[in-house]
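The structure appears right after this line, and notes come after that.
Keep in mind it's a predicted model, so treat the numbers as computed, not measured. In what follows, every chain begins at residue 1, and chains take the letters A, B, ... in the order their sequences are listed.
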Amino acid sequence: MPELPEVETTRKGITPKVLNQTVQKVIIRQHQLRWEIPTSLPETLAGLVINKISRRAKYLLLKTNKGHLIIHLGMSGNLKILPRDTPPQKHDHVDIEFDNGWLLRYHDPRRFGAMLWTEEPIKTFKLLRHLGPEPLTDEFSADYFHRQCLKRKVSIKVLLMDNKCVVGVGNIYANESLSKSQILPTRIANSLSLQEAENLVKNIKVILEKAIEQGGTTLKDFSAPDGKPGYFVQQLAVYGRAGQDCGACGTPIQKIIQAQRASYYCSTCQN
DNA sequence: CAGCGCCCCTGCCCGC
DNA sequence: TGCGGGCAGGGGCGCT
């Protein structure tokens, strides 16, 4: 479900009801996510104030003065803000209740997500330590990206989804960025010219920013914490459009599998 | 280290 | 209508 724009939409959505609020109670109905939720989390969090809500890659970071609650939504997770006594439904695994009467509810059918706690500095936390730059920062520049390309022999699509190179670009936006940049997903990374890398970097930023503006992409069941769907799905040029005509030239969109993930492209527009 | 394939899990859609 | 197979927005991990 969530790539960077969806996680960012979630972060913005929960902030008004969660920031500076005190945790009153934590209910865990299902501990088994990607990693087991610490059994001690309810007692750890009780009474703590969430004093910052940020994002690193696709991880949401809820800071308290004792440590960070780290939430990942995996493929199918979402967070909802609900009135405290809303009855739970299937796959509603965790509730975090606040003093202000609102509830932060974690829902994740496939349970590929995670909810972890760390008291060490967030930058050295194991899962975050080796991550590449955020795509929407200046650190993710054409020069940087082209240097990364030159030393890699994988396809450009696979490189875009490698968190050591750049974070937050998942399958939808990798395909869409390559489409907009007129680069085939199968191109070997080190074959990109500086101009192509520059263009690709620019388009990744443009597409992610536009997707954030539109509340992300709702394919099946993603929605913001207030229940609103994301509207970027209307902008998709290639993702999920196998067999349909390319909007620019009419050639049917192709679908192939790379690294166990679907890639979509126009064989006329992309080279 | 780079590259690659394997999984974790549920739900839905499609073809028979 | 029922059932089996394939596929889905992620990404850490273990192997070569």
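When the nearest nucleotides of DNA chain B are assigned to A:Gln260 and A:Lys164 by heavy-atom distance, the more 5′-ward of the two goes with A:Lys164.
Looking at heavy-atom distances under 4.0 Å, A:Ala262 makes contact with sugar-phosphate atoms alone, never a base. Across all strands, A:Lys151 comes closer than 4.0 Å to no nucleic acid atom at all (heavy-atom distances). Residue A:Tyr239 is classed as a sugar-phosphate contact, given heavy-atom separations below 4.0 Å to backbone atoms only. Heavy atoms of A:Tyr59 sit under 4.0 angstrom from primed sugar atoms or phosphate atoms, though from no base atom.
Contact check, A:Arg152 against B:dG3: a side-chain N or O comes under 4.0 Å of OP1 or OP2. Note on A:His72: a side-chain N or O is less than 4.0 Å away from OP1 or OP2 of C:dG11. Residue A:Lys90 has no polar side-chain atom (N or O) positioned under 4.0 Å from OP1 or OP2 of B:dC9. The shortest distance between the side-chain N/O atoms of A:Arg261 and the OP1/OP2 oxygens of C:dG10 is below 4.0 Å. In terms of phosphate contacts, A:Lys220 brings no side-chain nitrogen or oxygen within less than 4.0 Å of OP1 or OP2 of B:dC12.
Nucleotide B:dC8 holds its C1' atom 11 Å from the CE atom of A:Met75, rounded to whole Å. Counting to the nearest Å, the P atom of B:dG3 and the CD1 atom of A:Ile156 are 12 Å from each other. In this structure, the CG atom of A:Leu33 is 15 Å from the P atom of B:dC8, given to the nearest Å. Separating the CZ atom of A:Arg34 from the C1' atom of B:dC9 is a distance of 12 Å, rounded to the nearest angstrom. Taking atom NZ of A:Lys153 as the reference point, atom P of B:dC1 lies 16 Å away to the nearest angstrom. Atom CG of A:Asn163 is separated from atom P of C:dG11 by 5 Å (rounded to the nearest Å). Between the CE atom of A:Met161 and the P atom of C:dA8 there is a distance of 11 Å, rounded to whole Å. A:Asn78 has its CG atom 14 Å from the P atom of B:dG11, to the nearest Å.
Ring planes of A:Phe145 and A:Phe140: perpendicular class, angle over 60° (limits at 30 and 60°).
No salt bridge links A:Glu213 with A:Lys210; every basic N to acidic carboxylate O contact stays at or beyond 4.0 Å.
C:dC3 and B:dC9: their P atoms are spaced 23 Å apart (whole Å).
Base pairing annotation: C:dC13 forms a Watson-Crick or G-U wobble pair with B:dG5, both donor-acceptor distances under 3.5 Å.
Residue A:Leu116 is tested with A:Leu69, A:Leu127, A:Ile37, A:Ile71 for a side chain to side chain contact (heavy atoms under 4.5 Å, CB included); the sole match is A:Leu127.
Between the side chain of A:Arg187 and the backbone N or O of A:Ser191, at least one donor-acceptor pair lies under 3.5 Å. Of the possible donor and acceptor atoms, none in the side chain of A:Gln30 sits under 3.5 Å from a partner among the backbone N and O of A:His93. No donor-acceptor pair under 3.5 Å is formed between the side chain of A:Lys63 and the backbone N or O of A:Val49.
Less than 4.0 Å separates DNA chain B from at least one heavy atom of each of the following residues of residues 106-131 of chain A: A:Pro109, A:Arg110, A:Arg111, A:Phe112.
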Test log, rule ring-ring contact (aromatic ring centres under 6.0 Å, His included), inputs A:Tyr173 and A:Phe232: CA-CA 11 Å; A:Tyr173 301 110; A:Phe232 192 77; 5.7 Å; yes
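Here A:Ile53 contributes atom CD1 and A:Asn20 contributes atom CG; the two are 8.5 Å apart, rounded to the nearest 0.5 Å.
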